[in-house]
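For reference, the structure discussed in these notes is given below.
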Amino acid sequence: MRSSIRNLVAVAVMLTLFSTLSLAKTKRHSTTPSSKAAVHPKTGHSSSSKHRRSAKVRRGAWKRHGQQSIQSDRVVSIQQALIREKYLDGEPSGKWDDRTQHAMAKYQADHQWQSKVTPDSRALIKLGLGPDHTTEGSSLTGSADSVASTSSATRGTPNR
C-alpha cells in the first residue's frame with residue numbers, strides 16, 4: 001500500500017514539473033526571408049507590429065489639440081486693447097501678424113510674465129479681454145446678498 005502511494009506521489013510530482021516546464025518555454029519567432037522584422041529580446045514583439053505602426057502615426061496628434069489660430073474678431077479686440085495701452089500703433093487689421101505678436105510679447109514682458117507664448121491669459125485679463133462672468137445665471141458672480149444668504153443657510157448644517 002505504501003509503495004503505491006509513493007508511486008502515485010512521484011507521478012504527480014513528475015507531471016507537475018513537466019507541465020510547468022512546458023508552460024515556461026516561450027514561442028520563438030522564425031525569421032524567414034520575407035519577414036526580417038527585429039524581435040525585441042525582452043517582450044518578444046516584432047518591430048513591425050500593428051501597435052507600433054499606429055503609435056508612430058499618432059505621435060504628432062498632440063500638436064493639433066486645442067486652439068489652432070485666433071479668430072479675426074478676437075484679434076481685433078486684442079489689437080484695440082494694445083493700441084489703447086500704447087503698445088501698438090495704427091488701425092486693427094484683424095490678422096495675428098508679427099507686429100501684433102511683438103506688441104503682445106512686449107506687453108507681457110513689461111509685466112514680468114512669460115513672453116514666448118502669446119497671448120498669455122493674464123495679459124488678456126489685464127487688457128480687459130478675459131472671460132465674461134457678468135451673464136445671468138453665472139455661478140462665479142453673485143451679489144453680496146446672495147452670498148450672505150447662502151452662507152447663513154449653510155451655517156446650521158454640520159460639515160460631512
* Among the clusters formed by ILVMFWY side chains lying less than 4.5 Å apart, do Ile83 and Tyr87 turn up in the same one? -> yes
Here the gap from Leu88 atom CG to Lys106 atom NZ, rounded to the nearest 0.5 Å, amounts to 12.5 Å
With a sphere of 6.0 Å drawn around CD of Gln71, does it hold more than 12 non-hydrogen atoms of other residues, nucleotides or ligands? no
Practice prompt. Output, in order, the C-alpha distance, side-chain angles, deciding distance and verdict of side chain to side chain contact (heavy atoms under 4.5 Å, CB included) for Leu127 and Gln80.
Written response: CA-CA 10 Å; Leu127 287 168; Gln80 288 171 344; over 6 Å; no
So the salt bridge (Lys or Arg N to Asp or Glu O under 4.0 Å) pairs with at least one residue in residues 77-93 (sequence neighbours excluded) are none
- Query: Would you say Val75 and Leu124 are hydrophobically clustered, going by side-chain heavy atoms of ILVMFWY under 4.5 Å?
  - Reply: yes
Across all chains, not counting sequence neighbours, the ring-ring contact (aromatic ring centres under 6.0 Å, His included) partners of His111 are Tyr107, Trp113
For Asp97, the side chain to side chain donor-acceptor pair (under 3.5 Å) test, sequence neighbours excluded, returns Thr100
Residues joined to Leu8 in its hydrophobic cluster, side chain to side chain under 4.5 Å directly or through other members, sorted by chain and number, are none
Residues passing the side chain to side chain donor-acceptor pair (under 3.5 Å) test with Ser72, sequence neighbours excluded, are none
Residue pairs passing the side-chain hydrogen bond (donor to acceptor under 3.5 Å, both in side chains) test with at least one member in residues 120-130, sequence neighbours excluded, are Gln114-Asp120, Asp120-Arg122
message: Any side-chain to backbone donor/acceptor pair from Gln108 onto Pro119? Under 3.5 Å, distance only.
response: no
* Quick one: do Arg99 and Leu82 satisfy side chain to side chain contact (heavy atoms under 4.5 Å, CB included)? Show the steps, please. => CA-CA 11 Å; Arg99 183 177 71 102; Leu82 288 171; over 6 Å; no
Closest non-hydrogen contact found for Val76 with Gly94 is CG2-CA, 3.5 Å
Same cluster or not: are Ile70 and Leu129 linked, directly or through other Ile, Leu, Val, Met, Phe, Trp or Tyr residues, by side-chain heavy atoms under 4.5 angstrom apart?
-> yes
